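The next block holds one structure in the form of structure tokens; read it before the comments.
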Amino acid sequence: MQPTHVGPMDRSYRFADIEADVQQRWAEADAFRVARDDREKFYCLSMFPYPSGKLHMGHVRNYTIGDVISRYKRMCGLNVLQPMGWDAFGLPAENAAIKNGVPPAKWTRENIAAMRDQLKQLGFAYDWSREIATCDPSYYRWEQWLFTKLFEKGLVYRKESVVNWDPVDQTVLANEQVVDGRGWRSGAIVEQRAIPQWFARITDYADELLDDLDKLDGWPDAVKTMQANWIGRSTGLEIDFAVAGHDAPLTVYTTRPDTLHGATYMALAADHPLVAAAADADSALAAFVEECRAGGTAESELTTREKKGYRLPVDAIHPLSGDKLPVFAANFVLMGYGTGAVMSVPAHDQRDWEFAKAYDLPIVSVIADDNGVPGDVSEAAFVAKGPLVNSGEDDGKDFDTAFNDIADRLEARGVARRKTQYRLRDWGLSRQRYWGAPIPIIHCDECGAVPVPEADLPVVLPEDVTPEGAGSPLPDMPEFVNCSCPKCGKDAKRETDTFDTFMESSWYFARFTCPDADAMIDDRAHYWMPVDQYIGGIEHAILHLLYARFFQKLMRDVGLAQADEPFKALLTQGMVLKDGAKMSKSKGNTVDPQALIETYGADTVRLFSMFAAPPDQSLEWSDAGVEGAHRFLHRLWRLVATHVEAGIVAPAATAEGEAAELRRKLHETIAKVGDDVGRRYTFNTAIAAIMELVNALGRIDDTPSAEWQAVRQEALEAIVRMLAPITPHVGDQLWRALGREGLLLDAEWPVADEAALVRDTLTLVVQVNGKVRARIDVPADADRDTVAQTALAEPNVVRHIEGKDLKKTIVVPGKLVNLVV
RNA sequence: GCCCGGGUGGCGGAACUGGUAGACGCGUCGGACUCAAAAUCCGAUUCUGGUGACAGAGUGCGAGUUCGAGUCUCGCCCCGGGCACCA
């Protein structure tokens with residue numbers, strides 16, 4: 001190929017024009033619309049945003065990571081699906097409505113339009129034809145449909161459950177709206193109030209959700225550990241303690257029946273029936289129960305409260321010794337967990353120990369330490385397992401033997417059962433809010449709770465409503481509430497609670513594969529699912545990801561889905577910080593992506609977001625760092641312009657002498673960047689390596705030989721392609737400046753030339769007693785003895801081993817020599 | 001309180017499998033260009049001592065394993081995420 005003359009290239013990098021042009025080119029080519037074909041697929045999904053108004057830096061970071069992976073996989077030849085949508089139901093829309101008098105529907109849709117525009121400015125390669133907004137009836141109708149299927153299968157049910165009740169505003173509060181036990185608006189002390197709510201039987205799937213974690217090779221161990229601990233499968237013993245003077249026993253669950261001999265008291269939840277019965281005759285106890293009800297329902301609040309109890313006028317009977325045990329009502333035992341009663345072994349449980357100290361209850365150590373004497377419980381509980389002591393016939397037994405012997409004896413008497421229990425609780429689906437998907441149930445005096453028939457779905461949420469203050473407006477809307485029973489036809493009332501918004505985010509990934517399906521999902525999901533790479537914040541490690549996994553299994557079990565798990569690989573991105581703290585309006589340390597896009601362009605914002613930190617760590621935002629990223633793009637632009645002015649040539653395929661060294665650097669970089677982008681997802685180190693290569697290229701003479709020119713052409717083409725996923729706009733422009741046809745996004749990802757990587761000498765480090773004393777150059781094929789002899793000949797090495805015995809010589813091939821004296 | 005992470009120069013970070021601590025970028029200092037400034041380019045930049053070659057110290061703190069530890073083990077401290085109605 002002869003040098004081609006291309007018209008003079010503008011020497012300055014005009015990002016605004018370039019980005020608009022390139023985005024137009026993509027639009028004209030409809031470049032991101034995808035469909036099933038014969039190629040291997042890759043489904044890359046970033047967690048969709050709540051449409052809060054405008055993008056923040058966390059979004060920019062999240063979506064840039066997803067876009068880089070998507071574009072890289074596309075250049076590798078895969079059929080890449082990357083969709084985007086809106087998690088459009090939620091509390092902020094109602095708050096905005098109260099504040100500004102705007103209907104949540106209008107507010108939400110305006111925010112969506114604004115944020116969609118921003119995403120387009122950033123140049124993300126989304127197939128916008130698949131866009132979903134979860135507040136559209138065409139979307140939520142299918143989760144209403146699934147709910148009715150689950151109702152038929154008995155997988156949803158109604159039970160009483162406590163909520164945060166604001167007695168002044170007369171409304172239910174979210175945990176977020178409870179600050180220090182008080183309502184955020186009224187300032188009133190929040191009370192726990194039990195109301196009937198719908199639940200999904202996620203505990204029926206607890207074993208599968210736990211066991212399938214082992215299949216998720218592409219998930220971070222930290223997330224799998226958190227989910228496993230959250231599910232919290234344990235094997236233990238359910239034990240009945242007789243109560244003196246009562247027929248009904250107190251049933252408790254324990255994972256440590258080996259410590260049963262050390263049980264010295266019992267603790268009951270404040271709303272346990274036995275407590276309620278006693279409170280009728282004791283006004284002080286009734287006051288204590290009332291006090292336990294004050295404050296929010298968040299677990300963090302309940303478990304950090306000062307532990308308080310109230311002695312009940314009953315005694316339990318120890319099932320082994322027959323001793324009487326005092327029974328307390330306690331504020332740290334919760335009715336919703338297990339049986340609402342616990343046996344307390346203060347010697348071997350820290351919480352029980354603290355309570356026993358406060359209430360002067362006996363602490364009996366029944367587990368021996370390593371020295372065979374009862375564990376020391378003077379300063380704290382002794383929680384380790386060990387042989388039993390002070391345990392009568394069970395003395396000396398280890399944990400397993402004691403567990404089994406005690407279980408066998410109690411089971412034989414019919415007062416205990418071996419039981420597998422979970423920490424995981426069923427998923428409460430009901431919310432007493434307006435801006436959510438209506439729960440498709442009709443309450444009939446005759447027939448009870450009746451699911452809305454499929455033909456009547458969706459139950460559409462009225463949208464021309466502006467909540468004005470506390471509480472959902474739905475119960476006050478007769479046109480919504482009044483209806484007839486689908487079973488008997490009599491007058492009935494519609495359920496006015498809406499779904500938890502985790503419902504919508506638990507299946508959107510599947511809907512993206514077939515957004516226009518006339519069913520929840522259709523067989524297109526079988527091609528695209530599971531998601532090959534899911535990307536989102538670590539804050540979703542438990543709840544969202546667990547519910548989504550649960551929904552995938554539910555959809556499979558109603559015959560819609562094939563995959564057992566929705567997300568093959570997961571990347572949890574870190575937070576974006578400014579001045580060491582999470583960006584927030586209240587701290588005044590926010591950075592607006594929009595202003596940055598306007599000042600520096602999308603490519604600079606994308607580049608800095610990827611360069612500043614590895615994706616899974618927190619990222620410290622730096623305006624100066626953004627300048628640096630911008631400078632780099634200017635430098636690259638000028639480098640290409642200079643090259644193009646000298647003349648475009650065919651890229652080199654081989655080189656000699658110094659040009660060969662540059663070419664080796666090029667192919668080492670290609671190998672490293674391919675590994676960093678394709679396997680490690682460490683985009684920061686990939687960019688650093690490309691910067692090094694650009695620096696090396698910048699050092700060559702401006703008017704080089706034909707050989708230099710060819711190597712430079714080869715290098716620039718590779719650099720532009722390696723940067724293509726990160727800075728796609730400037731890349732596309734430079735790709736054509738270098739004389740290449742077609743869109744850069746369909747160019748092939750560069751592959752390293754093994755022949756260019758060969759080295760004939762290596763530099764090794766020489767250590768004496770682990771300290772670096774010299775560096776030596778040796779032939780790449782030198783044997784150990786040669787290497788050792790070369791090392792021993794170094795003057796500075798000689799100085800450090802003189803007069804000492806050489807005890808050991810360690811040679812690590814290609815790395816170092818360590819001489820031990 | 002419980003579960004899960006993280007802590008490396010002035011700053012963001014690199015060191016992937018136990019093998020040269022500080023790549024790359026920012027900042028700072030010095031120089032070139034300019035009447036001058038900006039921009040750009042070149043050089044220096046962990047700390048201490050030394051003109052220097054070099055030497056000593058150094059990855060939150062304290063122990064340990066190893067020829068060798070930022071990396072592995074144990075115990076602490078601090079920061080962050082989650083805790084079921086924020087999303």
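Protein chains get the first letters and strands the later ones, always in sequence-line order, with residue 1 at the start of each. Predicted model only: the values in this text are computed from it and were never measured.
For A:R773 and B:rC54, the shortest distance from a side-chain N or O to OP1 or OP2 is not below 4.0 Å. Listed pair A:R423 / B:rC3 fails the phosphate criterion, with no side-chain N or O lying under 4.0 Å from OP1 or OP2. Dashed line: the shortest gap from a side-chain N or O of A:N229 to OP1 or OP2 of B:rC4 is under 4.0 Å. Side-chain nitrogen and oxygen atoms of A:R635 include none within less than 4.0 Å of the OP1 or OP2 phosphate oxygen of B:rC24. An OP1 or OP2 oxygen of B:rA23 is reached within less than 4.0 angstrom by no side-chain nitrogen or oxygen of A:N684.
The distance from atom CG of A:D349 to atom P of B:rG1 is 15 Å, rounded to the nearest whole Å. Following rounding to the nearest Å, A:D675 (CG) and B:rA23 (P) show an atom-to-atom distance of 21 Å. Rounded to whole Å, atom C1' of B:rC24 lies 11 Å from atom CD1 of A:I690. A:L209 has its CG atom 14 Å from the C1' atom of B:rA84, to the nearest Å. If you measure from atom CE of A:M47 to atom P of B:rG82, you get 13 Å, rounded to the nearest angstrom. Atom P of nucleotide B:rC86 and atom CD of A:E301 are separated by 13 Å, given to the nearest angstrom. In this structure, A:L543 atom CG and B:rC83 atom P are separated by 6 Å, rounded to whole Å. A straight line from CD of A:Q177 to C1' of B:rC86 spans 9 Å, rounded to a whole angstrom.
Residue-level contact check: A:R775 touches the bases, meaning some heavy atom is under 4.0 Å from a base atom. Among the atoms of the strands shown, none is found under 4.0 Å from any heavy atom of A:K578. If you check every strand for non-hydrogen atoms under 4.0 Å, A:D616 touches nothing. As judged by a 4.0 angstrom heavy-atom cut-off over every strand, A:S505 is placed among residues making no nucleic acid contact. Among the heavy atoms of the strands lying under 4.0 Å from A:T501 are primed sugar atoms or P, OP1, OP2 only; no base atom is included. Using a 4.0 Å heavy-atom cutoff across all strands shown, A:V178 reaches no nucleic acid atom at all. Within 4.0 Å of A:R799, counting heavy atoms only, lie sugar-phosphate atoms of the nucleic acid but no base atom. Within the 4.0 angstrom heavy-atom criterion, no nucleotide atom of any strand lies near A:P49. Across all strands, A:M575 comes closer than 4.0 Å only to sugar-phosphate atoms, never to a base (heavy-atom distances). Among the atoms of the strands shown, base atoms are found under 4.0 Å from some heavy atom of A:H540. Residue contacts shown for A:L619 are absent, as no nucleic acid heavy atom lies under 4.0 Å away. Residue A:E692 is in sugar-phosphate contact alone, with no base atom involved, counting any heavy-atom pair closer than 4.0 Å across all strands shown. Counting any heavy atom pair closer than 4.0 Å across all strands shown, A:K807 reaches no nucleic acid atom. Base engagement by A:V163 is indicated by at least one non-hydrogen atom pair under 4.0 Å involving a base atom.
Taking the side chain of A:L816 as heavy atoms from C-beta on, and the options B:rG81, B:rA15, B:rU20, the nearest nucleotide is B:rU20. Here the nucleotide nearest the side chain of A:I542, chosen from B:rG82, B:rA15, B:rG25, is B:rG82. Nearest to the side chain of A:K672, among B:rC16, B:rG25, B:rA84, sits B:rC16. When distances run from any side-chain atom of A:R638 to the nucleotides B:rU40, B:rA87, B:rC86, the shortest one goes to B:rU40. Taking the side chain of A:T685 as heavy atoms from C-beta on, and the options B:rG82, B:rA15, B:rG1, the nearest nucleotide is B:rA15. Of the listed nucleotides (B:rC86, B:rA84, B:rG82), B:rA84 has the atom at the smallest distance from the side chain of A:A298.
Here the options are A:V811, A:L816, A:V778, the test is side chain to side chain contact (heavy atoms under 4.5 Å, CB included), and the partner is A:L764; only A:V778 passes.
Every salt bridge (Lys or Arg N to Asp or Glu O under 4.0 Å) that A:K224 has, sequence neighbours left out, goes to A:D221. Qualifying side chain to side chain contact (heavy atoms under 4.5 Å, CB included) partners for A:I202, counting only residues two or more places apart in sequence or in other chains: A:L209, A:L424, A:D426, A:W427, A:L546, A:Y547, A:F550. The salt bridge (Lys or Arg N to Asp or Glu O under 4.0 Å) test applied to A:E176 returns no partner, not counting sequence neighbours. Residues passing the side chain to side chain contact (heavy atoms under 4.5 Å, CB included) test with A:S186, sequence neighbours excluded: A:D166, A:V168, A:D169, A:A188. Among residues two or more places apart in sequence or in another chain, the ring-ring contact (aromatic ring centres under 6.0 Å, His included) test is passed with A:W86 by none.
Here the two rings, on A:W507 and A:Y139, have centers that are under 6.0 Å apart. Ring to ring, A:F608 and A:Y600 are not that close: their centroids are 6.0 angstrom or more apart. In this structure, A:F89 has its ring center at least 6.0 angstrom away from the ring center of A:F499.
Of all heavy-atom pairs between A:W435 and A:A93, the closest is CD1-CB, 3.4 Å. For the pair A:P49 and A:M115, the tightest heavy-atom approach, listed with the atom from each and the gap, is CB-CE, 4.3 Å.
Classified by its glycosidic torsion, B:rG9 falls in the syn category, the angle being within 90° of 0.
For the segment residues 622-633 of chain A, the set of residues with a heavy atom within less than 4.0 Å of an atom of RNA chain B comprises A:A624, A:G628, A:R631, in numerical order. Taking every heavy atom of residues 86-95 of chain A and every atom of RNA chain B, pairs under 4.0 Å involve A:D87, A:G90, A:L91, by number.
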Every protein N/O within reach of nucleotides 44-49 of chain B N/O, cut-off under 3.5 Å:
none

N/O to N/O distances under 3.5 Å, protein versus nucleotides 63-72 of chain B:
| residue | atom | partner | partner atom | Å |
| --- | --- | --- | --- | --- |
| B:rC67 | O2 | A:N818 | ND2 | 2.6 |

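Side-chain to base pairing of A:T304 with B:rG1: no donor and acceptor N or O lie closer than 3.5 Å to each other.
Taking CE of A:M610 as the reference point, atom CD1 of A:I687 lies at 7.5 Å (rounded to 0.5 Å).
A side-chain donor from one of A:W198 and A:E495 sits under 3.5 Å from a side-chain acceptor of the other.
Each salt bridge (Lys or Arg N to Asp or Glu O under 4.0 Å) pair with one or both residues in residues 608-625 of chain A, not counting sequence neighbours, would appear here, but there are none. Within the structure, the salt bridge (Lys or Arg N to Asp or Glu O under 4.0 Å) test picks out the following pairs touching residues 668-680 of chain A (sequence neighbours left out): A:R664-A:E668, A:E668-A:R759, A:K672-A:D676, A:D675-A:R679, A:D676-A:R680.
Distance noted for atom P between B:rA32 and B:rU48: 27 Å (whole Å).
Taking a pair as Watson-Crick or G-U wobble with both distances under 3.5 Å, RNA chain B forms stems of 3 or more consecutive pairs at B:1-7 with B:77-83, B:10-12 with B:24-26, B:27-32 with B:40-45, B:46-49 with B:54-57, B:60-64 with B:72-76.
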